[in-house]
Amino acid sequence: MSKNTPKAIRGTQDIFGADAESFAFVVETFERVRKLYRFRRAEFPVFEKTEVFARSLGETTDVVSKEMYSFEDRGGDSLTLRPEFTAGIARAYLSNGWQQHAPLKIATHGPLFRYERPQKGRYRQFHQIDAEIIGAGEPQADVELLAMADHLLKELGIEGVTLHLNTLGDAASRDAWRAGLIDYFGAVRGELSEDSQERLDKNPLRILDSKDPRDKAFLADAPKIDAFLSNEALAFFDSVTKGLDAAGVKWKRAEALVRGLDYYRHTAFEFIPDEGSEAAKALGAQSTILGGGRYDGLMESLGGPDTPAVGWAAGIERLTMLVGERNQEPVELAVIPLGKDEELKAIEVAQSLRLSHFATELFVRGNMKKRFNRADQAGAKAAIIIGADELASGLLQFKDLKTGEQTALSLDAIIERSWDLRFADDMEAMDDQLSELEQEVRALGEQD
RNA sequence: GCGAUCGUAGUUCAGUUGGUUAGAACGCCGGCUUGUGAUGCCGGAGGUCGCGGGUUCAAGUCCCGUCGAUCGCCCCA
């Protein structure tokens with residue numbers, strides 16, 4: 001690489017190969033699951049007026065105060081690359097009059113931007129999948145949203161991750177708790193870590209999940225949210241947990257779990273890998289793979305009517321690290337012309353096969369040995385060989401690469417044979433899955 | 001924003017106490033009398049050792065800076 005070749009910007013990534021396949025798998029699975037829960041697909045701008053984020057997230061949050069990519073456009077407006085989805089979705093809801101669709105279930109995904117120090121699982125341009133239910137104040141909305149998140153993780157095959165659940169209460173409960181925490185920690189201010197002394201002013205709730213041993217000494221006796229919850233808030237949380245139990249979603253109460261952004265009320269949650277699990281190891285310092293909560297106050301902060309809502313977002317890169325390697329689907333059919341003279345015929349045949357829905361690749365480089373070699377390594381089930389004789393007779397050589405058996409067939413017959421091959425492979429895969437399931441069932445029976 | 005480790009072919013890495021033309025594997029390209037593969041054989045291309053400066057007769061190797069990656073803190077998805 002030459003000295004003048006440009007490099008990617010810090011914290012951005014070019015995703016390719018197995019990683020890109022896993023990334024696509026995460027998005028495709030999300031699309032599939034989202035439809036089962038009848039969330040509607042939506043797309044939103046990647047940038048908004050800066051105030052959209054500043055007003056809704058809270059001026060003192062780290063995201064707003066030091067992590068936004070903000071710039072002035074040529075018209076002099078201050079714009080910001082979205083650091084999260086929720087604020088922009090709320091803005092869209094208000095400016096398009098989507099109240100008419102309430103309760104509105106929305107799903108989206110795409111890139112987000114935060115000026116942070118890059119690490120494994122943390123990038124300056126990163127990607128999230130996102131789900132929101134807007135205009136629904138019922139706890140059932142929280143339950144459905146969480147059930148979908150749990151379902152998604154199962155479909156992705158992610159294990160060793162637990163839903164950590166908390167309630168921050170309504171606005172009054174949350175404010176009273178906050179005041180209680182400031183009183184409690186303020187009395188021992190000098191003994192807290194430097195970080196927590198700062199948090200005391202900016203976001204006292206955050207002290208609760210501090211890892212500093214100086215702070216940990218005071219955590220056990222810190223005021224708990226439960227003591228400040230109004231009857232309504234308590235009843236709300238109770239409905240959520242009962243609903244989760246009914247839906248079969250496992251959860252764990254996490255009293256110290258708070259959310260960094262100002263707009264959260266009531267339900268707050270994160271899916272976190274269990275300590276010592278494979279998932280925890282894969283993620284490094286980044287623990288939360290999916291997080292969110294209820295944000296009943298957000299719409300008002302943007303000047304809209306009082307509108308209850310819940311939502312979550314999950315980092316696609318983090319999910320990708322947990323779903324394991326996925327490779328490109330193998331080629332099904334290889335078309336191999338013997339020489340230059342047969343190439344046009346090969347193009348014609350390959351196109352017919354693709355139009356018949358077979359993943360087909362042409363192999364025209366190197367000698368015959370290399371062509372077969374490559375076809376084999378790409379995973380081809382069969383090769384269609386075209387030489388001078390085939391050109392003359394119109395019948396092509398069809399070679400089953402597993403058995404080595406080779407016959408002269410018409411194009412129609414080749415398509416028919418190819419369907420048979422695919423069907424046989426599908427049956428074999430299903431048999432494998434079945435016997436795996438049987439083994440699991442047997443193992444379960446022995447445990448009982 | 002703070003602290004720490006690392007940076008050599010496309011990739012994964014080796015490179016002795018500083019010492020001549022920087023190596024391996026895989027990958028890539030070509031060939032093995034040009035109609036047949038899944039462990040074969042032969043040959044080839046590809047690196048100003050992240051970048052810039054310094055010490056030295058001599059730097060991939062030591063020092064400083066810078067950029068980037070990784071790990072922890074902070075924050076978050």
Side-chain angles (χ1 to χ4, degrees), chain A residues 1-13 16-17 26 57 60-67 83-86 109 111-131 149 193-196 198-199 202-203 206 209-212 258-261 269-272 283-292 311-322 334 336-342 363 365-380 382-391 397-406:
Chain A
M1 190 170 68
S2 144
K3 255 196 272 196
N4 327 315
T5 307
K7 286 185 299 186
I9 292 171
R10 181 172 164 85
T12 66
Q13 24 168 12
F16 173 73
V26 169
L57 303 184
T60 61
T61 58
D62 276 20
V63 171
V64 170
S65 62
K66 48 192 187 199
E67 293 176 1
E84 57 118 47
F85 275 117
T86 307
H109 73 84
L112 304 162
F113 306 84
R114 250 121 94 162
Y115 190 84
E116 293 186 277
R117 181 95 171 248
Q119 265 181 45
K120 186 179 186 176
R122 194 168 95 179
Y123 308 94
R124 288 185 171 180
Q125 176 178 337
F126 60 105
H127 303 81
Q128 287 184 347
I129 50 180
D130 181 278
S193 67
E194 295 76 15
D195 280 334
S196 284
E198 205 178 309
R199 283 190 275 237
K202 280 169 54 183
N203 192 353
R206 268 259 106 91
D209 57 3
S210 169
K211 289 165 198 150
D212 194 298
V258 296
R259 310 249 66 221
L261 310 176
F269 53 85
E270 290 178 6
F271 282 80
I272 302 175
L283 283 170
Q286 319 308 324
S287 55
T288 305
I289 57 170
L290 184 155
W312 56 250
I316 299 178
E317 285 87 349
R318 292 184 189 177
L319 292 171
T320 297
M321 289 189 278
L322 300 182
I336 304 180
L338 289 172
K340 278 263 171 251
D341 295 343
E342 294 84 26
F363 293 87
R365 296 171 83 166
N367 56 28
M368 285 310 282
K369 172 161 180 146
K370 290 225 159 94
R371 293 180 195 204
F372 271 90
N373 227 321
R374 288 204 180 89
D376 202 49
Q377 272 162 17
I384 291 92
I385 303 134
I386 308 171
D389 297 348
E390 287 73 26
L391 230 43
Q397 293 294 327
F398 181 85
K399 180 169 184 169
D400 183 325
L401 288 175
K402 210 149 87 182
T403 62
E405 181 196 344
Q406 186 170 325

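All figures in this text were calculated on a predicted structure; none of them were measured in a lab. Lettering follows sequence order; numbering is per chain, from 1.
The interatomic distance linking Lys202(A) (NZ) with C74(B) (C1') rounds to 9 Å, in whole Å. Rounded to whole Å, the distance from CE on Met368(A) to P on G30(B) is 15 Å. In this structure, CG of Leu401(A) is placed 11 Å from P of A38(B), rounded to the nearest angstrom. For Phe113(A) and A77(B), the CZ to C1' distance is 15 Å, given to the nearest whole Å. Atom P of nucleotide U36(B) and atom CD1 of Ile386(A) are separated by 16 Å, given to the nearest angstrom. Separating the CZ atom of Arg199(A) from the C1' atom of C75(B) is a distance of 9 Å, rounded to the nearest angstrom. Between Ile336(A) atom CD1 and G35(B) atom P there is a gap of 14 Å when expressed in whole angstrom units. Atoms NZ (Lys369(A)) and P (C42(B)) sit 13 Å apart, rounded to a whole Å.
Residues that satisfy the salt bridge (charged side-chain N to carboxylate O under 4.0 Å, His left out) test with Lys211(A), not counting sequence neighbours, are absent from this structure. The side chain to side chain contact (heavy atoms under 4.5 Å, CB included) check on Glu270(A) picks up Leu257(A), Arg259(A), Ile272(A), Thr288(A), with sequence neighbours excluded. Considering only residues two or more places apart in sequence or on other chains, Asp341(A) meets the side chain to side chain contact (heavy atoms under 4.5 Å, CB included) condition with none of them. Listed by chain and residue number, Leu333(A), Phe398(A), Leu421(A) satisfy the side chain to side chain contact (heavy atoms under 4.5 Å, CB included) test with Ala382(A) (two or more places apart in sequence, or in another chain). With sequence neighbours left out, the side chain to side chain contact (heavy atoms under 4.5 Å, CB included) criterion links Ile386(A) to Val335(A), Glu342(A), Lys345(A), Ala346(A), Val349(A), Ile384(A), Glu390(A), Leu391(A), Leu396(A). By the salt bridge (charged side-chain N to carboxylate O under 4.0 Å, His left out) test, Asp400(A) pairs with no residue at all, sequence neighbours left out.
Between Arg365(A) and the phosphate of C28(B), there is no side-chain N or O to OP1/OP2 separation shorter than 4.0 Å.
Residue Arg371(A) is classed as having no contact, given no heavy-atom separation below 4.0 Å to the nucleic acid. Among the protein residues, Asp130(A) comes within range of no part of the nucleic acid, since none of its heavy atoms lies under 4.0 Å from any strand. Using a 4.0 Å heavy-atom cutoff across all strands shown, Leu290(A) reaches sugar-phosphate atoms only and no base atom. Among the heavy atoms of the strands, none lies under 4.0 Å from Glu317(A). No contact: Glu194(A) has no heavy atom under 4.0 Å from any strand. If you check every strand for non-hydrogen atoms under 4.0 Å, Glu84(A) touches nothing. Residue Ala313(A) is classed as a sugar-phosphate contact, given heavy-atom separations below 4.0 Å to backbone atoms only. At a threshold of 4.0 angstrom between heavy atoms, the contacts of Asn373(A) are confined to the sugar-phosphate backbone, with no base atom among them. Leu338(A) comes within 4.0 angstrom of a base, heavy atoms only.
Closest to the side chain of Phe126(A), from the set G1(B), C32(B), A77(B), is A77(B). Nearest nucleotide to the side chain of Ile385(A), out of C73(B), G35(B), G37(B): G35(B). Nearest to the side-chain atoms of Thr288(A) among the listed nucleotides C74(B), A77(B), C32(B) stands A77(B). Counting only heavy atoms from C-beta on, Asp195(A) has its side chain closest to C74(B) among C74(B), G35(B), A77(B).
Taken to the nearest 0.5 Å, the NZ atom of Lys399(A) stands 7.0 Å off from the CG atom of Leu401(A). Within the model, atoms CG of Leu112(A) and CG of Asp130(A) stand 8.5 Å from one another, a figure rounded to the nearest 0.5 Å.
The gap from the P atom of G44(B) to that of G23(B) amounts to 14 Å, rounded to the nearest Å. Rounded to whole Å, the separation between the P atoms of U48(B) and G43(B) comes to 26 Å. C71(B) and C13(B) have their P atoms separated by 15 Å, given to the nearest Å. Separating the P atom of G1(B) from that of G10(B) is a span of 32 Å, rounded to the nearest Å. Nucleotides U55(B) and G15(B) are separated by 23 Å at their C1' atoms, to the nearest Å. For the P atoms, the distance linking G30(B) with G46(B) amounts to 16 Å, nearest Å. U21(B) and U17(B) have their C1' atoms separated by 23 Å, with the value rounded to a whole Å. Comparing the P positions of G60(B) and A9(B) gives an interatomic distance of 14 Å, to the nearest angstrom.
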Set out, line by line, the N/O atom pairs under 3.5 Å between protein and nucleotides 68-72 of chain B.
unit_1, atom_1, unit_2, atom_2, d
A69(B), OP1, Gly11(A), N, 3.0
A69(B), OP2, Arg10(A), NH1, 3.0
C71(B), OP2, Lys120(A), N, 2.7
G72(B), OP1, Ala285(A), N, 3.3
G72(B), OP2, Ala285(A), N, 3.2

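Side-chain contact check for Lys202(A) versus Arg199(A): every heavy-atom pair is 4.5 Å or farther apart. Counting only heavy atoms from C-beta outward, the side chains of Leu338(A) and Ile385(A) approach each other to under 4.5 Å. Contact check for Leu57(A) versus Pro83(A): side-chain heavy atoms found under the 4.5 Å cut-off.
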Taking distance alone, no hydrogens or angles, what donor-acceptor pairs closer than 3.5 Å link side-chain atoms of residues 119-128 of chain A to residues at least two apart or in another chain?
unit_1, atom_1, unit_2, atom_2, d
Gln119(A), OE1, Gln286(A), NE2, 2.9
Arg122(A), NE, Arg117(A), O, 3.0
Arg122(A), NH2, Arg117(A), O, 2.7
Arg124(A), NE, Glu116(A), O, 2.8
Arg124(A), NH2, Glu116(A), O, 3.3
Gln125(A), NE2, His127(A), NE2, 3.4
His127(A), ND1, Glu317(A), OE2, 2.7

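Residues Gly404(A) and Lys370(A) each lie close to RNA chain B; by heavy-atom proximity, the contact nearer the 5' end of the strand is made by Lys370(A).
Scanning atom types as modelled, no donor and acceptor separated by under 3.5 angstrom connect the side chain of Gln406(A) and the base of G37(B).
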Original post:
Reading RNA chain B 5' to 3', how would its secondary structure be written in dot-bracket notation, given Watson-Crick and G-U pairs with both distances under 3.5 Å, brackets [ ] for crossing pairs and | for partners on other strands?
Top reply: (((((((..((((.....[...)))).(((((.......))))).....(((((..]....))))))))))))....
